[in-house]
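Since we're looking at a predicted model, the values are computed, not measured. In each ligand, atom 1 is the first atom listed, and ligand 1 is the first ligand listed.
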Amino acid sequence: MPTRKKIGLIGAGNIGGELARLCANKELGDVWLFDIAAKENFAKGKALDLEQNGSVLGYDANIRGTSNWADLEGSDVLIITAGIPRKPGQSRDDLVATNLPIIRDVAQNAKKHCPNAFAIVISNPLDAMVYEYKRVTGCPKGMVAGMAGVLDSARFQLFLSREANVSVKDVRAMVLGGHGDDMVPVLSMTTINGVPATTMIAKDKLSAIVERTRKGGGEIVNLMGTSAYYAPATSAVAMAEAFLHDQKRLLACAAYLEGEFGYSDLFMGVPCIIGGKGVEKIVEIPLTDEEKGMLKKSAASVQAVVDICKKG
Ligand code: APR
């Protein structure tokens with residue numbers, strides 16, 4: 001009986017490699033880095049490099065590269081980054097035509113080979129890709145979530161901490177809604193260790209920080225020519241760890257809504273408890289009227305991309 005957990009990383013690119021490094025470093029389990037056949041050797045090479053890294057750092061995780069879904073049988077967690085990232089000038093929604101067939105291919109194989117895995121989707125456009133994953137696999141709603149809120153909240157918290165000149169450790173904030181330019185940083189719940197951020201940061205600065213957060217991914221794409229990978233990987237690993245260690249963490253994740261916050265049959269960023277059963281609960285926090293309005297706008301943007309998927 002294998003006792004180590006098994007983590008399948010679908011996509012061995014920039015985020016996939018960083019995911020593998022973090023999972024191994026944290027000894028979350030053995031790692032399989034999966035990519036398409038044309039990139040199997042690349043995945044194998046990355047896996048070998050990361051295993052050798054363990055010789056220096058002292059972790060014992062097995063890390064393997066593959067393009068064979070059979071190797072992923074029995075995975076406890078799947079983290080999906082398969083697809084193409086953004087280039088400067090592109091929105092996440094511009095990726096839908098390319099990434100839709102890819103997420104379908106991944107979901108069909110996941111359904112066949114890893115029916116019991118907790119799936120964390122990172123591929124963009126995030127909220128539509130995670131919707132499609134659930135639709136194709138037919139997995140229980142608690143066994144799939146999208147990673148966006150942890151990352152967007154991290155970006156928001158960083159900018160707040162720099163502005164207030166306080167440690168990022170003391171900033172508590174959540175960004176809800178879709179992973180797009182109209183995401184919803186929830187200012188009414190943003191505190192610096194319980195102190196409302198509005199009492200420490202001027203209104204115009206807060207507005208600028210909200211705007212920078214919304215465009216936070218694009219800022220990096222414009223600088224690097226491709227999308228971010230360190231913070232996205234760390235954010236997804238926080239979710240995977242919460243599941244594998246039954247931590248019951250309260251994290252903003254794209255979860256399947258069935259009436260929560262007034263929305264149904266849609267994935268969108270909401271506060272979730274992530275534990276050993278996956279998304280165990282959606283926490284319906286009170287929002288101001290202004291925040292409700294922003295969430296409505298964000299949900300409409302997500303729905304528009306989901307509708308494209310439904311037609312495609
Ligand atoms: N199955 C598995 N892997 C695939 C498939 C597929 N059907 N199609 C493409 N891939 C692989 C690519 O070969 C590539 O190695 O997905 C990998 C993606 O890696 P990168 O191009 O480095 O992209 P990355 O920066 O990791 O971002 C991946 O996450 O944040 C999102 O917008 C981003 O959608 C993008 C995804």
Side-chain angles (χ1 to χ4, degrees), residues 8-23 32-47 65-72 75 78-114 117 119-133 136-137 145-152 154-155 178-181 183 215-237 239 253-254 269 305 309:
L9 306 177
I10 314 304
N14 284 339
I15 305 180
E18 182 61 10
L19 285 168
R21 195 182 70 79
L22 288 167
C23 290
W32 283 89
L33 256 176
F34 177 95
D35 214 297
I36 53 175
K39 292 192 75 175
E40 182 171 29
N41 279 341
F42 178 77
K44 285 186 167 165
K46 214 174 234 199
T66 186
S67 65
N68 182 358
W69 269 97
D71 287 328
L72 297 167
S75 291
L78 286 181
I79 308 181
I80 298 155
T81 62
I84 55 153
R86 282 198 278 174
K87 292 187 182 59
Q90 281 188 312
S91 78
R92 294 183 182 91
D93 295 351
D94 291 336
L95 305 175
V96 69
T98 319
N99 287 350
L100 182 59
I102 293 176
I103 198 77
R104 284 182 178 155
D105 165 53
V106 170
Q108 276 154 9
N109 281 296
K111 179 181 177 156
K112 186 168 166 208
H113 296 281
C114 317
I120 300 168
V121 178
I122 305 184
S123 310
N124 276 312
L126 189 271
D127 307 274
M129 293 300 100
V130 65
Y131 182 93
E132 196 61 17
Y133 180 91
V136 174
T137 58
M147 189 299 293
V150 178
L151 171 64
D152 295 328
R155 288 176 173 155
H179 189 44
D181 290 352
M183 62 182 74
K215 307 243 163 65
E219 183 178 355
I220 293 178
V221 173
N222 287 335
L223 289 166
M224 292 205 301
T226 190
S227 52
Y229 44 96
Y230 294 115
T234 308
S235 303
V237 168
M239 291 168 66
C253 306
V305 187
C309 296

**Asked** Nearest protein heavy-atom contact for atom 9 (C) of ligand 1: which residue, which atom, what distance?
**Response** G83 N, 3.7 Å
**Prompt:** M147 versus V121: any side-chain heavy-atom pair under 4.5 Å?
**Reply:** no
**Request:** Using a strict cut-off of 4.0 Å, indicate which atoms of ligand 1 neighbour a heavy atom of N99.
**Result:** 34 (O)
**Asked** Is there a nitrogen or oxygen of T226 sitting under 3.5 Å from a nitrogen or oxygen of ligand 1?
**Response** no
**Message:** Please determine whether side chain to side chain contact (heavy atoms under 4.5 Å, CB included) holds for the pair Q90 and L95, giving the CA-CA distance in whole Å, both sets of side-chain angles, and the decisive distance to 0.1 Å.
**Reply:** CA-CA 8 Å; Q90 281 188 312; L95 305 175; 3.8 Å; yes
**Request:** Compare L95, I102, L126, V121 and give the one whose heavy atom is closest to atom 8 (N) of ligand 1.
**Result:** I102
**Item:** Nearest-contact summary for atom 35 (C) of ligand 1 - protein heavy atom, Å
**Value:** I84 O, 3.4 Å
**Request:** Over 60° means perpendicular and under 30° means parallel, so classify the ring planes of F34 and W69, tilted if in between.
**Result:** tilted
**Asked** Considering only heavy atoms of I36, which atoms of ligand 1 have at least one such atom less than 4.0 Å away?
**Response** 1 (N), 4 (C), 5 (C), 6 (C), 7 (N), 8 (N), 13 (O)
**Message:** When you compare the side chain of K111 with that of Y133, does any pair of heavy atoms fall below 4.5 Å?
**Reply:** no
**Message:** At less than 4.0 angstrom from any non-hydrogen atom of F34, what atoms of ligand 1 do you find?
**Reply:** 1 (N), 2 (C)
**Complete:** Filtering P125, G17, G13, S227 for the heavy atom nearest atom 19 (O) of ligand 1 leaves G13
**Message:** Could you identify the single nearest non-hydrogen protein atom to atom 22 (O) of ligand 1 and state the distance to 0.1 Å?
**Reply:** N14 N, 2.8 Å
**Message:** Checking a contact table here: which protein heavy atom is nearest atom 21 (O) of ligand 1, and how many Å away?
**Reply:** P85 CD, 3.4 Å
**Prompt:** Quick one: does N99's side chain have a donor or acceptor within less than 3.5 Å of a partner on I84's backbone?
**Reply:** yes
**Sole candidate of P88, S91, P85 that passes side chain to side chain contact (heavy atoms under 4.5 Å, CB included) when paired with V221** = P88
**Message:** To check your reading of the model: name the closest protein heavy atom to atom 32 (O) of ligand 1, its residue, and the distance in Å.
**Reply:** N124 ND2, 2.9 Å
Ignoring hydrogens and angles, write down the donor-acceptor pairs under 3.5 Å from the side chains of residues 9-19, residues two or more places apart or on other chains.
{"from": "E18", "atom 1": "OE1", "to": "R21", "atom 2": "NE", "distance (Å)": "3.0"}
{"from": "E18", "atom 1": "OE2", "to": "R21", "atom 2": "NH2", "distance (Å)": "2.9"}

**Request:** For the residue pair H179 and D127, confirm or rule out a side-chain donor-acceptor distance under 3.5 Å.
**Result:** no
**Message:** For the backbone of V305 and the side chain of D93, can you confirm whether one donor and one acceptor N or O come within less than 3.5 Å of each other?
**Reply:** no
**Prompt:** Tell me, which protein residue and heavy-atom name are nearest atom 28 (C) of ligand 1, and how many Å apart are they?
**Reply:** T81 O, 2.9 Å
**Prompt:** Atoms of ligand 1 less than 4.0 Å from S123 heavy atoms?
**Reply:** 29 (O), 34 (O)
**Request:** Would you mind reporting whether E40 and T66 have side-chain heavy atoms less than 4.5 Å apart?
**Result:** yes
**Asked** How far is atom 24 (P) of ligand 1 from its nearest protein heavy atom, and which residue and atom is that?
**Response** I15 CG1, 3.8 Å
**Asked** What protein heavy atom sits nearest atom 17 (C) of ligand 1, and how far off is it?
**Response** D35 OD2, 3.8 Å
